[in-house]
Amino acid sequence: MSPAPLNAGPLDAGQLRRRLSEGEVTVGTFVGMSSATAAEVCAASGADWVLIDLEHGSGGEDAVRDGVVAAGSYGVPTIVRVESGDRIRIGRVLDQGAAGIMVPRLTTVDQAAESVRHMLYPPHGDRGVATYNRSCRWGMDRRPLTEPGQESLGIIQIETLEALASVEDIAAQDGVDVVFVGPLDLSYALGVPLQLDSSVFQEALQRVVSAAQRHNKAAGILAVDGPGAAKYVRQGFRFVAIGSDSTIMAAAFRDAFDAARN
């Protein structure tokens with residue numbers, strides 16, 4: 001029996017990156033419950049992508065291993081927020097088939113550039129080379145090892161004052177496709193904790209959107225719910241997360257219980 005065709009399976013092969021480069025708006029959600037079933041439900045519900053969160057989520061790399069397959073069975077790519085921009089962290093989740101990487105808590109352009117290098121094989125970067133992983137279809141497809149262009153989506157978070165000050169240069173970096181606002185962290189950094197409607201926070205958002213647009217990149221942000229996401233899209237954000245598996249489930253149950261009791 002011949003192996004499955006190369007267009008089958010959970011790998012994204014750069015499609016999400018191309019969609020954003022062509023100006024599309026995409027919406028997804030964070031998956032933090034360490035559940036492949038949760039990732040599958042989010043994918044089945046119509047997400048453009050799911051993001052497995054290793055920074056604040058409850059799981060580890062096993063969540064990536066199983067979540068990529070669960071979401072990919074619906075044709076939905078998986079992005080992973082790594083705990084740090086270390087080479088080994090980025091390489092391991094890419095080997096598991098992640099379509100992109102989100103890196104938190106960076107403060108400088110050099111850190112952003114280094115994270116992008118970790119996503120690429122030599123001579124363009126310093127990602128470790130191996131074939132016995134999902135990204136190479138267990139050795140049956142070596143094309144990713146020699147692909148001249150970047151396929152993995154590079155997402156750098158803007159959530160510190162230093163990153164905000166450098167957002168123009170970060171957005172200008174090759175391989176950085178999305179500059180993503182961490183709204184709570186950034187509100188604290190700006191001295192207006194949780195005050196997302198404050199003028200100082202809104203001015204910071206516009207600064208991120210403007211930098212992204214000037215360099216033909218996408219601005220991203222996390223919204224609490226659908227109406228909030230729509231508001232951000234109107235502001236120019238094109239990579240928008242709507243809550244997370246746990247927060248959306250908790251809000252739905254809370255409202256249902258309240259309705260039943262009242």
Colleague: Just verifying a value: how many Å separate Gln195 CD and Tyr188 OH, rounded to the nearest 0.5 Å?
Modeller: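 One gets 10.0 Å once the value is rounded to the nearest 0.5 Å.
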Colleague: Atom OG1 in Thr78, atom CD1 in Ile52: separation rounded to 0.5 Å?
Modeller: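 Answer for the OG1-CD1 pair, Thr78 versus Ile52, is 5.0 Å.
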Colleague: Would a single hydrophobic cluster contain both Phe180 and Met119, if residues Ile, Leu, Val, Met, Phe, Trp and Tyr are joined by side-chain heavy-atom contacts under 4.5 Å?
Modeller: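 No, separate clusters.
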Colleague: Would a 4.5 Å heavy-atom cut-off, applied to side chains only, mark Arg81 and Leu54 as touching?
Modeller: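 Not in contact.
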Colleague: Determine whether Glu159 and Arg105 make a side-chain contact, defined as any pair of heavy atoms from C-beta on separated by less than 4.5 Å.
Modeller: yes
Colleague: Test of understanding: clusters of I, L, V, M, F, W, Y form through side-chain heavy atoms closer than 4.5 Å, transitively. Do Val208 and Val200 belong to the same one?
Modeller: yes
Colleague: Please report the closest heavy-atom contact between Ala112 and Ile170, naming both atoms and the distance.
Modeller: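 Taking Ala112 first and Ile170 second, the nearest heavy atoms are CB-CG2, 4.2 Å.
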Colleague: In plain terms, say whether Arg117 and Asp126 are close enough for a salt bridge, that is, a side-chain N and a carboxylate O under 4.0 Å apart.
Modeller: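 Result for this pair is no, no salt bridge flagged.
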Colleague: Is there side-chain contact between Gln111 and Ile156, with at least one heavy-atom pair below 4.5 Å?
Modeller: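 Gln111 vs Ile156: side chains apart.
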Colleague: Less than 3.5 Å apart, any donor N or O on the side chain of Gln173 or His215 sitting next to an acceptor on the other?
Modeller: no
Colleague: What pair of heavy atoms forms the shortest contact from Pro104 to Val82, and how long is it?
Modeller: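 Between these two residues, the closest heavy atoms are CD-O, 3.2 Å.
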Colleague: Please indicate whether Arg142 has more than 12 foreign heavy atoms, meaning atoms of other residues, nucleotides or ligands, lying under 6.0 Å from its CZ.
Modeller: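 Open.
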Colleague: Just so I know, are the side chains of Met102 and Phe30 near enough to count as touching, which here means a heavy-atom distance under 4.5 Å?
Modeller: yes
Colleague: Do the side chains of Gln235 and Gln202 get nearer than 4.5 Å, heavy atoms only?
Modeller: yes
Colleague: Verify the cluster assignment for Val69 and Trp138: are they in a single hydrophobic cluster under the rule of side-chain heavy atoms below 4.5 Å apart?
Modeller: no
Colleague: List the steps and the verdict of side-chain contact (heavy atoms from CB on, under 4.5 Å) for Thr108 and Glu162.
Modeller: CA-CA 7 Å; Thr108 68; Glu162 294 88 349; 5.9 Å; no
Colleague: Okay, side chain of Asp48, backbone of Gly28: is any donor-acceptor separation there less than 3.5 Å?
Modeller: no
Colleague: Tell me, yes or no, whether the heavy-atom count around Arg19 atom CZ, taken from other residues, nucleotides or ligands under 6.0 Å, exceeds 12.
Modeller: yes
Colleague: For the hydrophobic clusters of this structure (ILVMFWY residues joined by side-chain heavy atoms under 4.5 Å, transitively), does one cluster hold both Val178 and Leu205?
Modeller: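 Looking at the clustering, Leu205 is in a separate group from Val178.
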Colleague: Indicate the atoms forming the closest heavy-atom contact of Tyr121 with Cys136, along with that distance.
Modeller: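 For Tyr121 and Cys136, the tightest heavy-atom pair comes out as OH-SG, 4.4 Å.
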Colleague: Quick check for you: to the nearest 0.5 Å, what is the distance between Asp197 atom CG and Lys231 atom NZ?
Modeller: 4.5 Å
Colleague: Given Leu16, which of Ile79, Asp177, Val76 fulfils the side chain to side chain contact (heavy atoms under 4.5 Å, CB included) condition?
Modeller: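 Among Ile79, Asp177, Val76, the one that satisfies the side chain to side chain contact (heavy atoms under 4.5 Å, CB included) with Leu16 is Ile79.
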Colleague: Establish whether Val181 and Val109 are linked, either directly or via other cluster members, by ILVMFWY side-chain heavy-atom contacts under 4.5 Å.
Modeller: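 Val181 and Val109: one cluster.
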Colleague: Could you pull out the closest heavy-atom pair between Val240 and Val233, with the gap in Å?
Modeller: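 Val240 and Val233 have their closest heavy atoms at CG2-CG2, 4.0 Å.
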Colleague: Ignoring hydrogens and geometry, is there a side-chain-to-backbone donor-acceptor pair from Asp86 to Ile88 under 3.5 Å?
Modeller: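 Not at all, since once roles are kept as given, no pair shorter than 3.5 Å links the two residues.
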Colleague: Within a strict 4.5 Å, meaning less than it, do heavy atoms of the Pro10 and Arg134 side chains meet?
Modeller: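 Sidechains of Arg134 and Pro10: in contact.
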Colleague: Nearest 0.5 Å please: distance from the OG atom of Ser152 over to the CZ atom of Arg17.
Modeller: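 Here the rounded value is 8.5 Å.
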Colleague: Got Leu161 and Leu190 here, is their nearest side-chain heavy-atom distance under 4.5 Å?
Modeller: yes
Colleague: Can you give me the closest heavy-atom contact between Val129 and Pro122, atom names plus distance?
Modeller: CG2-CD, 3.9 Å
Colleague: Just verifying a value: how many Å separate Ile155 CD1 and Leu20 CG, rounded to the nearest 0.5 Å?
Modeller: 8.0 Å
Colleague: Can you tell me how far the CG atom of Leu164 sits from the CZ atom of Arg207, to the nearest 0.5 Å?
Modeller: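 Going from CG on Leu164 over to CZ on Arg207, the span is 4.5 Å.
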Colleague: Any chance CG of Asp225 has more than 12 other-residue heavy atoms, nucleotides or ligands included, within less than 6.0 Å?
Modeller: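 For Asp225, atom CG is crowded (more than 12 foreign heavy atoms under 6.0 Å).
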Colleague: Grab the two heavy atoms, one from Thr29 and one from Gly243, that are nearest each other, plus how far apart they are.
Modeller: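 Nearest pair, atom of Thr29 first, then Gly243: OG1-O, 3.1 Å.
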Colleague: With Val176 as reference, evaluate Val116, Leu153, Asp169 under the side chain to side chain contact (heavy atoms under 4.5 Å, CB included) test and give the passing residue.
Modeller: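 Of the listed options, the one satisfying the test is Val116.
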Colleague: Could you tell me how the ring of Trp49 sits relative to the ring of Phe239: parallel (under 30°), tilted (30 to 60°) or perpendicular (over 60°)?
Modeller: parallel
Colleague: Apply the test side-chain contact (heavy atoms from CB on, under 4.5 Å) to residues Ser35 and Asp245: give CA-CA distance (whole Å), side-chain angles for both, the deciding distance (0.1 Å), then the verdict.
Modeller: CA-CA 9 Å; Ser35 166; Asp245 51 355; 5.6 Å; no
Colleague: Can you tell if the side chain of Ile101 reaches within under 4.5 Å of the side chain of Ser115, non-hydrogen atoms only?
Modeller: no
Colleague: Report the residue from Arg89, Arg65, Arg127, Arg137 that forms a salt bridge (Lys or Arg N to Asp or Glu O under 4.0 Å) with Asp95.
Modeller: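 Answer to the salt bridge (Lys or Arg N to Asp or Glu O under 4.0 Å) test with Asp95 among Arg89, Arg65, Arg127, Arg137: Arg127.
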